[in-house]
Amino acid sequence: MTPQNLFVVTVAICLLNGLVSPMLPVVWHLHPVWMPEMLPATREIVFYGASLIVSTATLLAAAVPAAIAERIGLSLPTAMAVWAGAAALLLLAGLR
């Protein structure tokens with residue numbers, strides 16, 4: 001797979017994790033902290049925002065092992081596969 005395809009897979013895994021993560025209820029209940037007051041606090045908007053926050057956090061957390069792998073000299077496709085694998089591990093933790 002090319003690095004671009006691996007990145008699309010990684011983002012898709014992170015978006016799926018944003019829907020099933022056990023951190024979603026935590027971020028949901030903290031919506032008065034992160035949600036701007038100009039948006040109405042409806043269930044749909046809060047869920048969408050919380051899901052995006054968890055997805056972005058998953059993407060960033062899964063990038064750490066990939067950055068370390070690239071830093072130690074692995075090739076870009078290998079580092080991207082590490083990124084996708086780390087995101088998949090976080091997804092599996094959310095599916096339990």
task = Find the distance between CG (Leu16) and OG (Ser55) and round it off to the nearest 0.5 Å.
result = 8.5 Å

query = Can you name the closest pair of heavy atoms from Leu6 and Ala81 and give their distance?
reply = CD1-N, 3.9 Å

request  = List for me each residue that meets side-chain contact (heavy atoms from CB on, under 4.5 Å) alongside Pro25, sequence neighbours excluded, and say none if there are none.
outcome  = none

query = How many angstroms lie between atom CG of Leu52 and atom SG of Cys14, to the nearest 0.5 angstrom?
reply = 12.0 Å

task = Flag yes if Met23 and Val64 sit in one hydrophobic cluster, no otherwise; membership is Ile, Leu, Val, Met, Phe, Trp, Tyr, and two members link when side-chain heavy atoms are under 4.5 Å apart.
result = no

message = Please list all pairs meeting ring-ring contact (aromatic ring centres under 6.0 Å, His included) that have one or both residues in residues 71-96, counting only residues at least two apart or in different chains.
response = Phe7-Trp83

inquiry  = Measuring only between side-chain heavy atoms, which start at C-beta, is Pro36 closer than 4.5 Å to Leu39?
reply    = yes

inquiry  = I want to check something: taking the side chain as every heavy atom from C-beta on, are Met1 and Val9 in contact at a cut-off of under 4.5 Å?
reply    = yes

Shortest non-hydrogen separation from Gly18 to Ser51 and the atoms involved = O-OG, 3.3 Å

key: Partners passing side-chain contact (heavy atoms from CB on, under 4.5 Å) against Ala86 (at least two apart in sequence or in another chain)   = Ala62, Pro65

query = Do Ile68 and Leu90 belong to the same hydrophobic cluster, where Ile, Leu, Val, Met, Phe, Trp and Tyr are linked whenever their side-chain heavy atoms lie under 4.5 Å apart, directly or via other members?
reply = no

task = Provide the full list of side chain to side chain donor-acceptor pair (under 3.5 Å) pairs with a residue in residues 17-46, sequence neighbours left out, each pair given once.
result = Asn17-Thr58

task = Please collect all ring-ring contact (aromatic ring centres under 6.0 Å, His included) contacts where either partner lies in residues 42-72, sequence neighbours excluded, each pair once.
result = none

ask   = Which pair of heavy atoms, one from Ala87 and one from Thr10, lies closest together, and at what distance?
value = CB-CG2, 4.2 Å

message = So Thr2 and Pro77, do their side chains get closer than 4.5 Å, heavy atoms only?
response = no

ask   = Shared ILVMFWY cluster between Met80 and Leu74, side chains joined below 4.5 angstrom?
value = no

inquiry  = For residues 67-76, which residue pairs pass the side chain to side chain donor-acceptor pair (under 3.5 Å) check, not counting sequence neighbours?
reply    = Ser75-Thr78

ask   = Would Val27 and Val46 show up in the same hydrophobic cluster when neighbours are defined by side-chain heavy atoms closer than 4.5 Å?
value = yes

message = For Ala88, give me all partners under side-chain contact (heavy atoms from CB on, under 4.5 Å), at least two apart in sequence or on another chain.
response = Ile13

remark   = Taking every heavy atom of Leu91 against every heavy atom of Val20, the minimum-distance pair comes out as CD1-CG2, 3.8 Å

key: ILVMFWY cluster membership beyond Val82 - transitive side-chain contacts under 4.5 angstrom   = none

message = Just to verify, what does Val8 make a side-chain contact (heavy atoms from CB on, under 4.5 Å) with, not counting sequence neighbours?
response = none

